[in-house]
Protein chains: 2
Amino acid sequence: MRRPLIRKLEKFTRLSHADKDMLLRIAAQRVRRFAAREDIIHEGEKPEFINLISEGWACRYKTLEDGRRQIIAFFLPGDLCDLNVFVLKEMDHSIGAITPVVVSEISRTAFDEMMIGHPRITQALWWESLVAAAIQREWTVNLGQRDALERMAHLLCELFIRLEAAGCTSNSSCEFPLTQTELGETLGMSTVHVNRTLQELRASNLIVLRDRTLTIPNLQALQDVALFNPNYLHLDREGRHLDANEE
Amino acid sequence: MRRPLIRKLEKFTRLSHADKDMLLRIAAQRVRRFAAREDIIHEGEKPEFINLISEGWACRYKTLEDGRRQIIAFFLPGDLCDLNVFVLKEMDHSIGAITPVVVSEISRTAFDEMMIGHPRITQALWWESLVAAAIQREWTVNLGQRDALERMAHLLCELFIRLEAAGCTSNSSCEFPLTQTELGETLGMSTVHVNRTLQELRASNLIVLRDRTLTIPNLQALQDVALFNPNYLHLDREGRHLDANEE
DNA sequence: AATGGACGTTAACATAGGTAAGGTCATTGC
DNA sequence: GCAATGACCTTACCTATGTTAACGTCCATT
């Protein structure tokens with residue numbers, strides 16, 4: 001097992017054996033599987049669990065009355081849905097599987113237990129949720145200011161770096177299950193223009209994308225095209241905040 | 001004093017006198033004033049406090065290397081910056097005043113104290129931060145899927161309803177200090193097109209905007225143009241989650 | 001009263017990106 | 001084997017929005 005969550009959290013802080021055991025135990029408690037394209041939670045439902053994506057890709061999305069769909073976020077292996085979601089009465093959006101997905105449901109009690117007994121995990125989870133918020137903000141910038149080519153390049157950089165943090169890349173390649181339609185729904189552009197844009201990135205040798213595999217031969221070059229600044233992912237380990245709970 | 005934070009939190013839950021006193025006391029501890037256009041926090045700084053906007057409007061924003069600026073969020077009276085911000089090493093964006101602004105700085109200790117002694121407040125603050133996240137998601141939808149007219153209408157609906165929750169409206173009017181440039185930086189469009197779009201909304205009698213005052217004669221009509229669904233603001237009091245901490 | 005800046009407005013023109021339509025290729029089911 | 005489907009790709013055409021450049025108004029400053 002690749003344990004993407006642990007792998008990712010360790011980008012931020014060191015976890016003890018007890019911490020890691022706890023995380024593994026919680027992730028094993030209630031496991032559910034979903035087929036590709038299936039909804040994990042529907043808009044309007046009352047959330048009962050925090051969902052942890054253990055395997056596969058999922059997304060948040062919202063659909064307007066007239067059918068337009070916007071993908072709001074991607075969940076990659078090791079990603080969690082909102083920690084505090086219990087506070088809300090109902091979901092204002094849906095979460096759907098992109099590939100076949102394995103999800104661990106974390107109950108409120110299990111979560112509270114963990115918060116009390118494992119301050120290191122708690123802090124790491126807050127970090128992870130702040131990073132998720134930072135990503136959402138960066139998407140706002142992406143949609144508001146960047147043109148199609150920059151936007152696409154930016155998304156690819158972000159996904160690649162996040163996959164790397166979860167241990168889901170090898171060299172300069174990763175699995176890339178998104179269809180051009182989904183890319184369009186993410187970046188606010190038509191599939192036709194997604195296609196044009198991908199062609200352009202291919203022609204400049206910035207990406208190789210074939211058979212659901214993405215290769216980025218020169219990440220820095222792609223970042224330059226995208227005006228990509230990775231600071232919002234807060235991945236530098238120095239960022240951790242050492243406090244009295246230090247073991 | 002209008003106490004916009006208390007007013008807003010009471011949209012979600014009932015607060016005891018002790019709760020309200022606590023909030024007032026914390027808000028009075030460290031007060032700072034900023035001039036219009038002044039930065040409250042710069043990208044790159046280490047955040048030391050949670051900022052509460054007591055009076056005036058502020059915004060989060062990010063600037064790309066080449067100067068393009070995107071406003072990522074607005075802070076209206078009663079709004080808080082990220083609760084958990086202490087966890088991060090440095091700000092990945094800036095916060096700037098739009099109007100002259102009064103800010104209460106909340107220290108980590110004050111915040112922790114409050115979390116321990118006032119579970120009702122704690123819960124209400126988590127609610128407020130989940131709503132902020134929901135707003136950010138809705139902005140993603142706005143920028144990704146809606147055209148200029150819908151986008152503008154949507155923003156105006158959201159701001160008006162949020163101001164209402166903070167007690168900053170009278171009838172169908174509110175102060176509206178944003179310049180057309182700032183609207184453009186928010187909605188990802190040129191100032192010229194902002195102007196065209198506002199003209200169009202005026203011509204349809206959907207808004208009156210003059211002398212920094214916005215009037216929305218028929219909010220429902222504006223919502224219809226915007227495909228605006230207020231559920232993401234989670235303002236219905238029934239939404240509160242009553243748990244063992246009930247007093 | 002003159003100057004300058006911030007903001008709003010308008011017009012003429014340019015273009016990024018949308019729409020519609022249709023084609024290829026692989027996969028699946030009958 | 002053939003129809004149906006879904007992903008991808010392409011072309012031709014069209015439009016929403018950007019760009020540039022004027023110009024007007026209102027204030028604050030001198």
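Every chain is numbered from 1 and lettered A, B, ... according to where its sequence line falls, protein lines coming before strand lines.
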Q: Calculate, to the nearest 0.5 Å, the distance between atoms CG and CD1 belonging to B:L183 and B:I71 respectively.
A: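 So the gap between those two atoms works out to 8.0 Å.
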(Q) If I take atom CG from residue B:L83 and atom OG from residue B:S129, how far apart are they, to the nearest 0.5 angstrom? (A) 5.0 Å
Could you check how far [atom1] of [X] sits from [atom2] of [N], rounded to whole Å?
X: A:Q180; N: C:dC25; atom1: CD; atom2: C1'; value: 14 Å
X: A:L183; N: D:dA7; atom1: CG; atom2: C1'; value: 12 Å
X: B:E200; N: C:dT10; atom1: CD; atom2: P; value: 13 Å
X: A:H193; N: C:dT15; atom1: NE2; atom2: C1'; value: 11 Å
X: A:L198; N: D:dT10; atom1: CG; atom2: P; value: 11 Å
X: B:M189; N: C:dG17; atom1: CE; atom2: P; value: 16 Å
X: A:E185; N: C:dG17; atom1: CD; atom2: P; value: 18 Å
X: A:N195; N: C:dG18; atom1: CG; atom2: C1'; value: 14 Å

If you take all heavy atoms of [X] and [Y], which pair is closest and at what distance?
X: A:P77; Y: A:A166; result: O-CB, 3.5 Å
X: B:Q145; Y: A:R68; result: O-NH1, 2.7 Å
X: A:A35; Y: A:E38; result: N-OE1, 2.7 Å

Does [X] reach a base, just sugar-phosphate, or nothing at all? Heavy atoms under 4.0 Å.
X: B:S190; answer: base
X: B:G188; answer: sugar-phosphate
X: B:R212; answer: sugar-phosphate
X: A:R37; answer: sugar-phosphate

(Q) On DNA chain C, compare the nucleotides closest to B:V192 and B:T179; which residue's is nearer the 5' end? (A) B:T179
**Q.** Nucleic acid contacts of residues 141-156 of chain B, taken as heavy-atom distances under 4.0 Å to DNA chain C
**A.** none
Q) Would you say C:dG18 has OP1 or OP2 under 4.0 Å from some side-chain N or O of A:R68? A)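 False: A:R68 side-chain N/O out of range (4.0 Å or more) of C:dG18 OP1/OP2.
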Q) OP1, OP2 of C:dT10 versus side-chain N and O of B:Q199: anything below 4.0 Å? A)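 Yes, because at least one side-chain N or O of B:Q199 sits under 4.0 Å from OP1 or OP2 of C:dT10.
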Q.
I need the full list of side-chain hydrogen bond (donor to acceptor under 3.5 Å, both in side chains) pairs touching residues 209-219 of chain A, with sequence neighbours left out, sorted by first then second residue.
A. A:S173-A:T215
Using atom types as modelled, flag every donor-acceptor pair under 3.5 Å from a side chain in residues 154-161 of chain B to any protein atom, sequence neighbours excluded.
from: B:H154; atom 1: NE2; to: B:E138; atom 2: OE2; distance (Å): 3.2
from: B:H154; atom 1: NE2; to: B:R146; atom 2: NH2; distance (Å): 3.2
from: B:E158; atom 1: OE1; to: B:W139; atom 2: NE1; distance (Å): 3.2
from: B:E158; atom 1: OE1; to: B:Y232; atom 2: OH; distance (Å): 2.7
from: B:E158; atom 1: OE2; to: B:W139; atom 2: NE1; distance (Å): 3.2
from: B:E158; atom 1: OE2; to: B:R162; atom 2: NH1; distance (Å): 3.0

Q. When the nearest nucleotide of DNA chain D is assigned to A:R196 and to A:L209 on a heavy-atom basis, which residue is associated with the more 5' position?
A.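 Its nearest nucleotide being more 5', the pick is A:L209.
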